[in-house]
2 protein chains.
Amino acid sequence: MTKIKENSTSNQNKEISALACPVTYVMNKIGGHWKSIIIYQLKEGPKRYSELKRAIPAVTEKMLIQSLKQLEADNLLIRKAEPVVPPFVTYFLSSSGKELVPLMHLMAEWAIHDSRREEKTKAFSEQVLMMD
Amino acid sequence: MTKIKENSTSNQNKEISALACPVTYVMNKIGGHWKSIIIYQLKEGPKRYSELKRAIPAVTEKMLIQSLKQLEADNLLIRKAEPVVPPFVTYFLSSSGKELVPLMHLMAEWAIHDSRREEKTKAFSEQVLMMD
DNA sequence: ACAAGTACTTACCCCAGAGTATGTATCATG
DNA sequence: CATGATACATACTCTGGGGTAAGTACTTGT
């Protein structure tokens with residue numbers, strides 16, 4: 001009853017240090033459906049806001065800027081706005097952001113590997129069902 | 001007004017293929033706060049349910065089995081229950097799961113790198129504030 | 001007889017992340 | 001003068017991921 005869960009860190013700060021849990025740290029930065037997709041889109045070089053929108057049709061404008069803002073706040077990308085009209089804004093990866101690219105390639109590699117394996121498993125179990 | 005957003009894919013299937021977006025694919029499998037932590041815990045070898053619970057005190061039992069179930073459904077880990085009483089259940093990484101380990105190490109590496117950089121930036125901006 | 005350990009299950013609630021829809025400022029062009 | 005393009009902002013809603021709390025079944029130890 002009176003067992004109070006004692007959090008040594010209490011709610012001091014939500015910012016979990018990388019040492020405490022690196023995965024959570026990374027997730028806090030590139031978690032959410034869109035951030036990683038945006039980074040992926042920027043890996044080859046800078047893109048304009050509208051280019052990003054076109055490159056990722058499924059994202060809403062709200063989600064797009066929201067994600068961009070967060071990524072910028074986390075220094076993963078840099079926003080460069082030229083004071084002209086119509087506005088010309090480009091986004092590109094910072095050095096931290098660039099260092100994420102190999103990570104994402106590894107993810108992609110694993111994903112392809114794993115999806116193949118999944119298909120095989122499915123095919124196999126279908127065969128089993130057929131034989132039954 | 002009548003502009004209906006036409007989703008070419010509609011809601012055909014939520015299962016996004018690895019080819020469409022590898023990152024989303026990976027996120028669907030190891031996203032959520034606990035899954036990756038569990039995998040991290042299992043990277044050295046099998047563990048019992050209660051061992052996992054003790055190793056990750058912050059997780060609730062509900063979240064723990066929920067995550068374990070999902071990981072099992074995605075073939076990232078294997079559950080082995082010995083029919084004894086009291087129950088003896090162990091969890092260990094499948095081959096797919098094992099292949100995630102290097103990925104997570106890369107994540108950890110990046111996280112440490114990045115958190116260092118963050119500290120420096122903060123220290124620097126504090127200096128600037130001091131001088132102001 | 002009762003607590004403790006094992007591995008769960010179930011009901012309920014809350015809130016942040018994501019989606020929908022619309023509004024804004026500026027200028028060029030027809 | 002109205003439309004389109006650019007790069008956003010903002011209000012409202014909704015869903016599901018996660019948290020809290022309690023219950024279950026079975027046996028050993030005291």
Side-chain angles (χ1 to χ4, degrees), chain A residues 1-7 11 14 16 21 24 27-38 46-74 77-92, chain B residues 1-7 9-11 14 16 21 24 27-38 46-74 77-92:
Chain A
M1 270 300 168
T2 51
K3 187 164 63 173
I4 296 161
K5 191 179 283 178
E6 36 195 279
N7 253 347
N11 53 357
K14 193 180 163 70
I16 299 157
C21 177
T24 305
M27 288 301 180
N28 282 338
K29 302 237 164 180
I30 64 165
H33 262 68
W34 304 113
K35 290 190 196 170
S36 41
I37 297 176
I38 293 170
K47 272 191 179 154
R48 295 184 65 175
Y49 174 82
S50 47
E51 284 181 292
L52 282 171
K53 179 75 192 71
R54 270 189 296 271
I56 318 171
V59 75
T60 63
E61 300 203 19
K62 177 199 159 192
M63 278 298 104
L64 183 53
I65 33 139
Q66 195 177 98
S67 308
L68 287 169
K69 285 280 154 75
Q70 287 172 15
L71 288 168
E72 196 195 352
D74 286 334
L77 56 77
I78 295 163
R79 194 189 101 115
K80 188 177 162 198
E82 264 139 279
V84 295
V85 60
F88 193 95
V89 181
T90 49
Y91 294 90
F92 54 96
Chain B
M1 268 300 168
T2 51
K3 187 166 62 174
I4 295 162
K5 192 177 283 176
E6 37 193 279
N7 251 347
T9 55
S10 84
N11 52 357
K14 194 181 160 68
I16 300 158
C21 177
T24 305
M27 288 300 181
N28 282 339
K29 303 235 166 185
I30 63 165
H33 262 66
W34 302 114
K35 288 190 197 171
S36 41
I37 297 176
I38 291 169
K47 273 191 179 155
R48 298 183 62 173
Y49 174 83
S50 48
E51 284 180 291
L52 281 170
K53 179 75 193 74
R54 270 190 295 272
I56 317 168
V59 75
T60 64
E61 302 202 16
K62 176 197 158 192
M63 278 299 104
L64 184 53
I65 33 138
Q66 196 177 98
S67 308
L68 286 170
K69 287 279 154 73
Q70 289 172 15
L71 288 168
E72 197 196 350
D74 287 335
L77 57 76
I78 295 164
R79 194 189 102 115
K80 187 178 164 197
E82 265 139 279
V84 295
V85 59
F88 193 95
V89 181
T90 49
Y91 293 91
F92 56 98

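A, B, ... follow the sequence lines: proteins, then strands. Residue 1 opens every chain.
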Expressed as a whole number of angstroms, how long is the span from [X]:[atom1] to [N]:[atom2]?
{"X": "His33(B)", "N": "dG16(D)", "atom1": "NE2", "atom2": "C1'", "value": "15 Å"}
{"X": "Met63(B)", "N": "dA21(D)", "atom1": "CE", "atom2": "C1'", "value": "14 Å"}
{"X": "Leu64(B)", "N": "dT20(D)", "atom1": "CG", "atom2": "C1'", "value": "16 Å"}
{"X": "Ile38(B)", "N": "dG17(D)", "atom1": "CD1", "atom2": "P", "value": "15 Å"}
{"X": "Lys53(A)", "N": "dG19(C)", "atom1": "NZ", "atom2": "P", "value": "11 Å"}
{"X": "Trp34(B)", "N": "dG16(D)", "atom1": "CH2", "atom2": "C1'", "value": "17 Å"}
{"X": "Glu82(A)", "N": "dT6(D)", "atom1": "CD", "atom2": "C1'", "value": "13 Å"}
{"X": "Met27(A)", "N": "dG17(D)", "atom1": "CE", "atom2": "P", "value": "14 Å"}

Query raised in the report: Where along nucleotides 5-10 of chain C does protein come under 4.0 Å, by heavy atom, of base (B) or sugar-phosphate alone (S), with - for untouched nucleotides?
Result: -BBBBB

I need the minimum non-hydrogen distance between [X] and [Y], along with the two atoms involved.
{"X": "Lys35(B)", "Y": "Gly31(B)", "answer": "CD-O, 3.5 Å"}
{"X": "Ala55(A)", "Y": "Lys47(A)", "answer": "CB-NZ, 4.4 Å"}
{"X": "Trp34(A)", "Y": "Ser67(A)", "answer": "CB-OG, 3.6 Å"}

Query - Results of salt bridge (charged side-chain N to carboxylate O under 4.0 Å, His left out) for Lys29(A) - residues two or more places apart only - result: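 Once residues adjacent in sequence are excluded, the partners of Lys29(A) under the salt bridge (charged side-chain N to carboxylate O under 4.0 Å, His left out) criterion are Asp114(B), Glu118(B).
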
Query - CG on Leu68(A) to CG on Leu64(A), rounded to 0.5 Å - result: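 That separation rounds to 4.5 Å.
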
Requested in this report: For the pair Lys53(A) (side chain) and Val59(A) (backbone), establish whether a donor and an acceptor sit closer than 3.5 Å, ignoring hydrogens and angles.
Outcome: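 Checking the backbone N and O of Val59(A) against the side chain of Lys53(A), a donor-acceptor pair under 3.5 Å is found.
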
